[in-house]
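Along the sequence shown, residues are numbered consecutively beginning with 1.
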Amino acid sequence: MAEDHLELGEFGFAGDDAVVPFAVEALDARGRAVQLGAMVDQILARHDYPAPVAQLLAEMIVLTVLLGTSLKFDGKFIAQTQTDGPVDLLVVDYTAPSSVRAYARFDAERLAEAVAAHRADPPSLLGQGILALTIDQGAHTQRYQGIVELNGDSLESVAESYFRQSEQIPTTIRLAVARMSRRAEGGGFRETWRAGGLIAQFLPSSPERMRLPDLPGGDAPEGSEEPHFEEDDAWTEVQALVGTIEASELADPEVGVERLLFRLFHERGVRVFPGVPVRDDCSCTREKIKGVLDSFSAEDIAESVEDGKINVTCEFCGEAYSFAPEEFGGNETNETD
């Protein structure tokens, strides 16, 4: 069947860069899955990040679109790490209904040392810090922010801890990043980035079935054992099935989202819903940048001038903006001492 005539539920229908919601009613599980192709490759290639940094940021992009597309509002979902590792900042913005932008900050010298010491795994590069998840529904609303410690763990496990601690929703997450060689125009090959991910959550009609074992008590007597807790059989099965996913399957375009979900849950039955497209799309504009500069004092404006102009480059998309100093009067209230 020609790709143009594929219907919802058929292998390959969603394609790349669309988050696919799914449900496994027999196991009281719901979730979303995605494969990212051109979108993630464009973001990473624009900055020419070193491979370990690109891989981390790609994982963060997948995590953000999996979480952000679940929210039913016109606003923004922001995921951000702040850590003491060689890669000390990852930030990804998802703006409904489809726009994604991302940026990573790293110390090139510390990164090189980590790579030379064969410590370029995500926990080593991130180090100790936090993962902050922020929901911003726009003007006249209050931001919501959830924060979870990021102490040498993977982004997968940290996000699972967030849902366990803050939302009390049993959650399992898988993320994967890959580089693929593709034939380039004019001959030869070029490497492109791909990424994929899946989140599954246990949402039975009976809230009691969602109960999770307590986190270890910090004031428990030394040598005491944690109480034994039996997880719901349905959720145990979901975790076991998701645990069988190979990283290569998550990013492989020959597998695709629908085929992957069928492989996992065909014995129980899985329903898929229309995908939510996501795209590389920065929200910066000349007007927004000028609005920020308008808040600067006259002294700050003067210090920002180079060769007779004020030049600003967006950290997310690399777009350059140039302004004449006379466009800004400066904030006089900040001048007086």
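- Of the possible polar contacts, one joining the Thr244 side chain to the Leu241 backbone as a donor-acceptor pair under 3.5 Å is found.
- Transitive grouping of hydrophobic side chains (ILVMFWY, heavy atoms separated by less than 4.5 Å) brings Val115 and Leu56 into a common cluster.
- A donor-acceptor pair is defined here as one N or O able to donate and one able to accept, closer than 3.5 Å; no such pair exists between the side chain of Arg101 and the backbone of Phe316.
- Listed here is the closest heavy atom pair of Val242 and Phe265: CG2-CZ, 4.3 Å.
- Contact record, Tyr321 with Cys284: OH-SG, 3.1 Å, taken as the closest heavy-atom pair.
- Residue Tyr162 is not grouped with residue Ile147 when hydrophobic side chains (ILVMFWY) are merged at heavy-atom distances under 4.5 angstrom, including chains of intermediate members.
- Here the side chain of Glu59 pairs no donor or acceptor atom with the backbone of Ala176 at under 3.5 angstrom.
- No side-chain heavy atom of Val100 sits under 4.5 Å from any side-chain heavy atom of Asp280.
- Ring geometry for Tyr49 versus Phe106: interplanar angle over 60°, hence perpendicular rather than tilted (30 to 60°).
- Ala79 approaches Thr64 most closely through the heavy-atom pair CB-OG1, 3.3 Å.
- For the atom pair Thr285 OG1 and Glu319 CD, the distance stands at 10.5 Å (nearest 0.5 Å).
- Panel note: side chain Gln128, backbone Thr83; no donor-acceptor pair is recorded below 3.5 Å.
- Residue Asp74 places its CG atom among 12 or fewer non-hydrogen atoms of other residues, nucleotides or ligands, all under 6.0 Å distant.
- Counting non-hydrogen atoms of other residues, nucleotides and ligands closer than 6.0 Å to CZ of Arg271 gives a total of 12 or fewer.
- Here the side chains of Ser322 and Ile310 are not in contact, with every heavy-atom distance at 4.5 Å or above.
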- Task: Decide side-chain contact (heavy atoms from CB on, under 4.5 Å) for Leu131 and Gln82; before the verdict, give the C-alpha distance in whole Å, the side-chain angles of both, and the deciding distance to 0.1 Å.
- Result: CA-CA 7 Å; Leu131 169 67; Gln82 291 182 332; over 6 Å; no
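- Side-chain heavy atoms closer than 4.5 Å link hydrophobic residues (I, L, V, M, F, W, Y) into clusters, and following such links, possibly through other members, connects Leu89 to Leu44.
- Between the Glu156 side chain and the Leu175 main chain, a donor and an acceptor come within less than 3.5 Å of each other.
- Looking only at side-chain heavy atoms (C-beta outward), Gln142 and Tyr144 stay at 4.5 Å or farther from each other.
- Counting only heavy atoms from C-beta outward, the side chains of Thr172 and Glu160 approach each other to under 4.5 Å.
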- Item | Derivation and outcome, salt bridge (Lys or Arg N to Asp or Glu O under 4.0 Å), residues Arg194 and Asp252 | CA-CA 8 Å; Arg194 290 187 60 81; Asp252 189 346; over 6 Å; no
- Go through the steps to decide whether Leu260 and Val257 satisfy the test side-chain contact (heavy atoms from CB on, under 4.5 Å), and finish with yes or no. CA-CA 5 Å; Leu260 175 63; Val257 173; 5.8 Å; no
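- When side chains are defined from C-beta on, Ser70 counts as touching Arg32, because their heavy atoms get closer than 4.5 Å.
- Using a cut-off of 4.0 Å between Lys/Arg side-chain N and Asp/Glu carboxylate O, Lys309 and Asp307 are scored as not salt-bridged.
- In terms of modelled atom types and a separation under 3.5 Å, the side chain of Thr81 and the main chain of Leu90 share a donor-acceptor contact.
- Shortest non-hydrogen contact noted between Gly269 and Val24 is O-CG1, 3.4 Å.
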- Task: Carefully, step by step, assess Phe328 and Phe323 under the rule ring-ring contact (aromatic ring centres under 6.0 Å, His included).
- Result: CA-CA 9 Å; Phe328 309 97; Phe323 301 88; 5.7 Å; yes
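- To the nearest 0.5 Å, the span separating CD on Gln165 from CD on Glu167 amounts to 11.0 Å.
- Crowding of Arg46 atom CZ: a count of heavy atoms from other residues, nucleotides or ligands under 6.0 Å exceeding 12.
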- Apply the test side-chain contact (heavy atoms from CB on, under 4.5 Å) to residues Val34 and Leu198: give CA-CA distance (whole Å), side-chain angles for both, the deciding distance (0.1 Å), then the verdict. CA-CA 7 Å; Val34 69; Leu198 179 146; over 6 Å; no
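- Looking at Ser98 and Val276, their side chains never come closer than 4.5 Å, going by heavy atoms from C-beta outward.
- Under a hydrophobic clustering in which Ile, Leu, Val, Met, Phe, Trp and Tyr are joined whenever their side-chain heavy atoms come within less than 4.5 Å, directly or via other members, Leu57 and Ile78 fall into the same cluster.
- Closest of all the heavy-atom pairs between Trp193 and Ala51 is CH2-O, 3.8 Å.
- Expressed to the nearest 0.5 Å, how far CG of Leu66 lies from OH of Tyr94 amounts to 11.5 Å.
- At least one side-chain heavy atom of Leu155 sits under 4.5 Å from a side-chain heavy atom of Met60.
- A salt bridge links Glu237 with Arg268: the distance from a Lys NZ or Arg NE/NH1/NH2 to an Asp or Glu carboxylate oxygen falls below 4.0 Å.
- Taken from SG in Cys314 to CD1 in Ile289, the straight-line distance is 6.0 Å, to the nearest 0.5 Å.
- Of the inter-residue distances, the one linking Asp136 atom CG with Leu71 atom CG reads 11.5 Å to the nearest 0.5 angstrom.
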- Task: Show the numbers, then the answer: is there a side-chain hydrogen bond (donor to acceptor under 3.5 Å, both in side chains) between Arg143 and Thr134?
- Result: CA-CA 7 Å; Arg143 279 190 170 195; Thr134 304; 5.1 Å; no
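- Remark: His47 NE2 to Cys317 SG distance equals 7.5 Å, nearest 0.5 Å.
- Across all non-hydrogen atoms, the minimal contact from Pro21 to Gly275 is CD-CA, 4.4 Å.
- By the neighbour-count criterion of 12 heavy atoms within 6.0 Å, atom CD of Glu149 is sparsely surrounded, having that number or fewer from other residues, nucleotides or ligands.
- Two different hydrophobic clusters hold Ile130 and Phe77 under the rule that ILVMFWY side chains link at heavy-atom gaps under 4.5 Å.
- Looking only at side-chain heavy atoms (C-beta outward), Phe202 and Ile169 stay at 4.5 Å or farther from each other.
- Remark: side-chain polar atoms of Asp17 are paired, donor with acceptor, to backbone N or O of Met39 under 3.5 angstrom.
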- Message: Using the rule given for side-chain contact (heavy atoms from CB on, under 4.5 Å), can you reason through Leu203 versus Asp28, listing the C-alpha separation, both sets of side-chain angles and the distance that settles it, and then say yes or no?
- Response: CA-CA 6 Å; Leu203 297 167; Asp28 293 312; over 6 Å; no
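- Side-chain polar atoms of Ser297 and Asp300 form a donor-acceptor pair below 3.5 angstrom.
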- Message: Set out, in order, the CA-CA distance, both residues' side-chain angles and the distance that settles salt bridge (Lys or Arg N to Asp or Glu O under 4.0 Å) for Arg110 and Asp88, then state yes or no.
- Response: CA-CA 11 Å; Arg110 292 180 64 197; Asp88 64 339; over 6 Å; no
- Message: Run the side-chain hydrogen bond (donor to acceptor under 3.5 Å, both in side chains) test on Gln201 and Thr171 for me, step by step, so that the C-alpha distance in whole Å, both residues' side-chain angles and the decisive distance to 0.1 Å come before the verdict.
- Response: CA-CA 4 Å; Gln201 297 183 303; Thr171 301; 3.1 Å; yes
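- Looking at Arg259, Gln35, Arg263, Arg174 one by one, the single match for side-chain hydrogen bond (donor to acceptor under 3.5 Å, both in side chains) with Glu249 turns out to be Arg263.
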- Mind running side-chain hydrogen bond (donor to acceptor under 3.5 Å, both in side chains) on Asp121 and Ser124 for me, showing each step along the way? CA-CA 6 Å; Asp121 56 289; Ser124 298; 2.8 Å; yes
